[in-house]
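Remember, predicted model here, so these are calculated numbers, not experimental data.
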Amino acid sequence: GALADAEAVLGHPSAVGFAPGELLGRIARACALVALGRPADALRDCERALDLRRILGGTVEFESDLLRAHRDALAALGRTR
C-alpha cells in the first residue's frame, strides 16, 4: 500500500537524490500514516519534511499534501488553534 511505497522511497533516497527523495518519501508516508490513524507518527514525518523543505529553499512538489497531512495530524491530536 501507500505506506510500503513511501518506506521503499525512504529506504532508497539516492534513486531521486538524497534530500528530495527523503522529502517526497516523508510526505507520502505522513499522508499514509494519517489515513491509518497514526497521527503522532505522521506528525514526526511532517515536521522532518517541513525542515527539509526549508533546507531545499521553499516550495516543493506535493506541498499541499504535506500541509494537509500536517493539519490533519495536528487536528487528530487535538492540537488546533
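The minimum heavy-atom distance linking Phe62 with Leu24 is given by the pair CD1-CD2, 3.5 Å. Residues Leu66 and Ala49 approach most closely at CD1-CB, 3.7 Å, considering heavy atoms. In terms of heavy-atom proximity, Leu67 sits nearest to Arg53 at CD2-NH1, 4.3 Å. Scanning both residues, Ala30 and Ala42, for their nearest heavy atoms gives O-CB, 3.5 Å.
Arg79 places a side-chain heavy atom less than 4.5 Å from the side chain of Leu43. Inter-residue side-chain proximity for Leu3 and Arg38 is flagged as met; some heavy-atom pair is nearer than 4.5 Å.
Under a 4.0 Å N-O distance rule, the pair Asp65/Arg68 qualifies as a salt bridge.
To the nearest 0.5 Å, the span separating CZ on Arg26 from SG on Cys31 amounts to 13.5 Å. To the nearest 0.5 angstrom, Glu63 atom CD is 8.5 Å from Leu50 atom CG. A distance of 4.5 Å separates CG in Leu52 from CD in Glu22, rounded to the nearest 0.5 Å.
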